[in-house]
Amino acid sequence: MSFSKLVPLTLTVAIAASLAACGKTEAPAAPAEPAKAAFDQSQIKTQLISLNTADLDPSIQACADLNGFVNSKWLKANPVPGDQTTWGSFEILRERSLEVQHALVQQAAAAKADAGSVEAKIGDIWKTGSDEATIEAAGITPLQPELDKIAALNDTAAIGNYLRDSYAQGNGFLFSLYASPDFKDSSNVIAYVGQGGLGLPEKGYYFDESQAKIRDAYVAYIEQLLTLSGVDAAQAKEQAKAVMDFETRLAKASLSRIELRDPAKRYNPVSAADADKQTPNFNWTALFDTLKVPAKDKFSLAQPGFFDELDKMLADVPAATWQAYLRFHTLDNAAPYLSKNIEQANFDFFNKTLRGQQEMQPRWKRVLDSVNGSMGEALGQLYVDAVFPAESKVAMEHLVQNLSVALKARLESLPWMGADTKKKALEKWASFTPKIGYPDKWRDWSGLTTNGDSYLSNMQATRAFNYRYMLDKIGKPVDKSEWGMTPQTVNAYYNATKNEIVFPAAILQPPFFDAKADPALNYGGIGAVIGHEMMHGYDDSGSQFAANGNFDNWWTDADRTAFNSRTDQLVAQFDGYESLPGVNVKGKLTLGENIGDLGGLTVAYDALQMALKEDEKVNVPVDGYTQDQRFFMNWATVWRRNFTEGELRVRLNTDPHAPANFRANGTPSNMPAYAAAFQCKAGDAMVRADDKRVVIW
C-alpha cells in the first residue's frame with residue numbers, strides 16, 4: 001500500500017489507549033460469544049519499564065556510552081532472577097503477558113465450558129499439566145509404547161518406516177520438514193526439508209575446543225536419561241558415547257548458522273523421484289505417501305551434503321546406535337511432560353549447565369509455555385478479548401503510515417542506488433503489508449481432541465494436530481491472513497515471501513508504545529521497531545526477495561556491489577565488539593538484524609522530525625531533555641537487558657541478534673543526528689570516524 005501524508009503524532013496519542021488501563025474489548029474477527037466480565041487488571045503485578053530520569057547515570061557521558069548512561073544503574077539494581085537467563089524490557093513485558101495468560105487459563109480450566117470448545121481444550125492442557133501427583137505416579141509409563149517401538153527396530157528398512165511414521169505424528173528427529181511459500185512462486189506452498197538431528201545448539205558445539213565441557217556434560221545427560229528410562233548403567237554409558245558420535249557426524253555435514261543466512265542454501269527444488277536417487281537408503285516418495293501430501297513433483301531438499309551423510313548413516317550405523325539415538329531424543333522431547341526426575345535432568349543440562357539458569361521456573365509458567373506451544377493462537381484469542389483495545393490497533397496503523405512515508409523519502413533520495421534498482425525498491429515499499437495486534441480471522445481448533453487424564457497424551461495430540469495443520473497447506477495457495485506469532489508474544493517480525501511486517505498486541509506497551517508519552521518515546525520505541533521490520537525487506541537476506549515475495553534478483557550488479565561494500569562495514573563494526581573476554585560478536589551472523597536496526601532507527605528519526613513539524617507544540621523538552629535526546633534515550637531503554645554468562649555464550653554462537661548493549665550503542669554511533677543531539681565531538685566513543693561510519697539506507 002502507499003501513503004501520501006504523514007499523520008501527526010498528536011492524533012496518534014489522542015486516539016490511543018494504554019494496555020495498562022484497558023478493559024474488555026471484542027476482537028472484530030472473533031466468533032460471537034456470550035458477554036464476559038471485564039478482565040481484572042489487579043491480577044497484573046509486574047511493573048512496566050519506561051524512561052525515567054532517575055535511572056540515568058550522570059557519571060557516564062552519553063557521548064561515551066549511551067547504554068551505560070541510560071541503563072547502567074537499572075542493570076546493576078536488577079540482576080537476572082534465578083529462574084531466568086535474561087532480564088530486561090522484553091522479559092518484563094513477557095512477565096506481564098504471562099500474568100494475563102495465567103488468569104485466562106485458570107478461568108478456562110474452572111469454567112464449565114462446552115466439550116470441544118477452545119476453552120475446554122486449553123483447560124485440559126492446563127489441568128493435566130498442573131496435576132503433578134498424577135504425572136509423578138505415571139513416571140515413564142505414558143512413553144513406554146513409543147520406546148517399545150524403537151526397541152524393535154533391527155534394520156535399515158525398519159528404521160526408515162519408523163522415521164516416516166514419526167514424522168506423521170509431528171516428531172521430526174533427523175531433519176526439518178515444513179510447509180512454506182515457494183521461493184520462486186510465493187503464492188503457492190511447497191514442502192521444505194532441511195538439516196537437523198542435533199541436540200546441541202549449533203554445529204560448532206561439536207568441534208570447538210571452548211565447548212569441550214559442554215560436550216562432556218551433554219554426554220552425561222544422554223547417559224542419565226537413558227538410565228532413567230531403564231537402560232542398564234553400563235550400556236547407557238556406551239550408548240551415550242555412540243549417540244554423541246552419531247550427532248557429531250551429522251554436525252560435520254551440516255552448514256553453520258551464518259551459511260544458512262543465504263536463502264540459496266535453503267532452497268533446492270527437486271522431485272521425489274530424483275531425491276530417492278540421491279538417498280537410496282531413504283525413500284522420499286514413501287515419506288510423502290505416508291504424510292499424504294502432494295510433494296512428489298516438487299519439494300525443496302537443500303543442504304545436499306547433510307543428506308548424503310544421513311543416507312550413508314542409514315546404511316552403516318548399527319541398528320543398536322539408531323535405537324539409542326531415537327530413544328534418547330524421544331525421552332528428551334517428552335521430558336517436560338514426564339515425572340520430576342526426567343524433567344529435572346532436562347533442566348539441569350539445557351537450562352542450568354548450558355545457559356546458566358539457576359532455578360526452574362514455577363510450574364504454572366512451565367505449563368503455560370506448553371499451552372502457548374500447543375494452542376498459542378487459541379489462547380491469543382482470549383488474550384486479545386481481555387486486554388487489547390481496538391484503539392491501540394488504530395494508533396499503530398497511523399504510526400506505520402508515518403514510518404512508511406519516511407522510508408519512501410529515504411529510498412527516493414539514496415545517492416548510491418541506480419534508477420532501475422530504486423524503482424524496484426519502491427515497488428517493494430508499496431507492497432508492504434502491515435499486520436497489527438491479532439489475526440483478522442482466528443484458527444479453527446475443532447479437529448483437536450484433548451482429555452483430562454494425561455499431560456503427555458495431550459501434548460502428543462496437539463503436536464500431531466498442529467503438524468497435520470501445517471502439512472495440509474502443501475500444494476495450496478498461500479493464506480496471507482495467517483500469522484507466524486501469537487498476539488501475546490512480545491516481539492515483531494518481517495516475512496520475506498509475504499512481504500509483510502507484523503506487530504503482536506503484547507509489544508504495544510512501554511517502553512515501546514505509550515499513549516501518554518511524548519512523541520520522542522513512541523518513535524524511539526515502537527517507531528524504531530516498525531522501521532526495523534520494514535528494513536528487513538532490504539537487509540542482506542530480505543533484499544534477495546522481490547515485491548511479490550519471490551526469490552528473485554531485482555538489483556543491478558553495480559548496486560548490489562555498492563550495497564555489499566556498505567554492509568561489509570557493518571560486519572566489521574560488530575566483529576569488533578568483544579562481548580565476553582576473548583569472545584566477539586559475529587558480524588555476519590547478526591548482519592540482518594544490524595541492518596534492520598540501522599535503517600529502522602534512521603527512518604524512525606526522520607518520521608519523528610516530520611511529526612514534530614506537523615505539530616510544533618509537542619517539540620518541547622521533557623525532564624530537561626530535548627525530543628531528539630529522548631528519542632535516542634528510549635531506544636536504549638528498549639535494549640535494557642542483563643544476561644547470564646551461559647545464555648550470552650549460547651546467543652553469541654546462535655542468535656542473529658547482537659547482545660543488547662551493542663544494539664543500544666551500535667546504531668546511534670553511526671548517526672550524525674545522535675552526535676548533534678548530545679553535542680558529541682569527533683573522537684568521542686559514540687561518534688564513529690567518517691571512514692568508519694556506516695551509511696546504508
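Judged purely by distance below 3.5 Å, without hydrogens or angles, the side chains of T53 and D623 never pair a donor atom with an acceptor atom. Residues D597 and T667 bring no donor and acceptor atom of their side chains to less than 3.5 Å of each other. Donor-acceptor pairing under 3.5 Å is lacking for the side chains of Q61 and D684. Side-chain polar atoms of E427 and S431 form no donor-acceptor pair below 3.5 angstrom. Side-chain atoms of R560 and S543 include a donor-acceptor pair closer than 3.5 Å. Donor-acceptor pairing under 3.5 Å is lacking for the side chains of E95 and T46. Residues N594 and T590 bring a donor and an acceptor atom of their side chains to less than 3.5 Å of each other. If you check the side chains of N495 and T497, you find a donor sitting under 3.5 Å from an acceptor. Between the side chains of S541 and D539, no donor-acceptor pair is found at a separation under 3.5 Å. No side-chain N or O of N584 forms a donor-acceptor pair with one of D575 less than 3.5 Å apart.
Within the 3.5 Å criterion, the main-chain N or O of D557 finds a donor-acceptor partner in the side chain of T561. Judged by distance alone, the side chain of K428 and the main-chain N or O of G537 form a donor-acceptor pair under 3.5 Å. Side chain of D559 to backbone of W555: no donor-acceptor contact under 3.5 angstrom is found. Side chain of R257 to backbone of D655: no donor-acceptor contact under 3.5 angstrom is found. In terms of modelled atom types and a separation under 3.5 Å, the side chain of W635 and the main chain of A664 share a donor-acceptor contact. Side-chain N or O atoms of K422 include one that pairs as donor or acceptor with a backbone N or O of E412 at under 3.5 Å. D606 contributes no side-chain N or O that, together with a main-chain N or O of A406, makes up a donor-acceptor pair within less than 3.5 Å. With Q358 contributing its side chain and G356 its backbone, the two residues share a donor-acceptor pair below 3.5 Å. In this structure, the side chain of Q627 engages the main chain of V620 through a donor-acceptor pair within 3.5 Å. Judged by distance alone, with hydrogens and angles left aside, the side-chain atoms of W429 form no donor-acceptor pair with the main-chain N or O of M534 at under 3.5 Å.
By the neighbour-count criterion of 12 heavy atoms within 6.0 Å, atom CD of Q47 is sparsely surrounded, having that number or fewer from other residues, nucleotides or ligands. Around NZ of K498, the count of heavy atoms belonging to other residues, nucleotides or ligands within 6.0 Å exceeds 12. Heavy-atom contacts from other residues, nucleotides or ligands closer than 6.0 Å to NZ of K365 number more than 12.
Once rounded to the nearest 0.5 Å, the distance linking OG1 of T637 with CG of N67 reads 9.5 Å. To the nearest 0.5 angstrom, N661 atom CG is 9.5 Å from N71 atom CG. A distance of 7.0 Å separates CG of N653 from CG of D208, quoted to the nearest 0.5 Å. Atom CZ in R355 sits 11.0 Å away from atom CG in L648 (nearest 0.5 Å). Between atom OG1 of residue T602 and atom CZ of residue R410 there is a gap of 5.5 Å, rounded to the nearest 0.5 Å. A distance of 8.5 Å separates CD of E99 from NZ of K45, quoted to the nearest 0.5 Å.
Side-chain contact check for F90 versus W639: some heavy-atom pair is nearer than 4.5 Å. Between F513 and L399 the shortest side-chain heavy-atom distance falls below 4.5 Å. Looking at heavy atoms from C-beta onward, W697 lies in side-chain contact with L414 at the 4.5 angstrom threshold. Contact of the N491 side chain with the P504 side chain is not registered, since no non-hydrogen atoms from C-beta on lie closer than 4.5 Å. In this structure, N634 and R630 have side chains that are not in contact, with every pair of non-hydrogen atoms separated by 4.5 Å or more. Contact of the I92 side chain with the W87 side chain is registered, since non-hydrogen atoms from C-beta on lie closer than 4.5 Å. P659 is not listed as a side-chain neighbour of R651, based on a closest heavy-atom distance of 4.5 Å or more. A 4.5 Å side-chain heavy-atom check between P487 and F388 finds every atom pair outside the cut-off.
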Begin with the C-alpha distance, continue with both residues' side-chain angles, and end with the deciding distance and a verdict on salt bridge (Lys or Arg N to Asp or Glu O under 4.0 Å) for D615 and K617.
-> CA-CA 5 Å; D615 186 354; K617 295 191 297 293; 3.2 Å; yes
Start with the C-alpha gap between Y625 and L56, add the side-chain angles, then the distance that decides, and say whether side-chain contact (heavy atoms from CB on, under 4.5 Å) holds.
-> CA-CA 12 Å; Y625 293 94; L56 303 178; 3.4 Å; yes
Carefully, step by step, assess Q357 and T644 under the rule side-chain contact (heavy atoms from CB on, under 4.5 Å).
-> CA-CA 7 Å; Q357 183 177 332; T644 63; 6.0 Å; no
Go through the steps for R641 and E91 under the test salt bridge (Lys or Arg N to Asp or Glu O under 4.0 Å), then give the verdict.
-> CA-CA 9 Å; R641 201 173 203 184; E91 288 73 26; 2.5 Å; yes
When you look at L379 and T486, which way does the side-chain contact (heavy atoms from CB on, under 4.5 Å) test go after all the steps?
-> CA-CA 8 Å; L379 179 55; T486 65; over 6 Å; no
Salt bridge (Lys or Arg N to Asp or Glu O under 4.0 Å) evaluation trace for K435 with E500 = CA-CA 7 Å; K435 294 180 177 178; E500 64 184 11; 2.8 Å; yes
Check step by step if side-chain contact (heavy atoms from CB on, under 4.5 Å) holds for Q84 and Q361.
-> CA-CA 8 Å; Q84 306 278 343; Q361 290 200 327; 3.1 Å; yes
Residue pair D420, T556: steps toward the side-chain hydrogen bond (donor to acceptor under 3.5 Å, both in side chains) verdict = CA-CA 8 Å; D420 290 343; T556 65; over 6 Å; no
Could you walk me through whether F574 and F662 pass ring pair (Phe, Tyr, Trp, His ring centres under 6.0 Å), step by step?
-> CA-CA 8 Å; F574 279 81; F662 299 122; 7.4 Å; no
Can you check salt bridge (Lys or Arg N to Asp or Glu O under 4.0 Å) on D440 and K393, steps first, answer last?
-> CA-CA 12 Å; D440 289 332; K393 188 165 185 171; 3.7 Å; yes
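Between F432 and Y494, the two ring planes are perpendicular [angle over 60°; tilted spans 30° to 60°]. A tilted orientation is assigned to the rings of F678 and Y674, their planes being inclined by 30° to 60°.
The two residues L508 and I526 come nearest to each other via the heavy atoms CD2-CD1, 3.8 Å. In this structure, E578 and G582 approach most closely via the heavy-atom pair OE2-N, 2.8 Å. For the residue pair V694 and Q573, the shortest heavy atom distance occurs at CG2-OE1, 3.7 Å.
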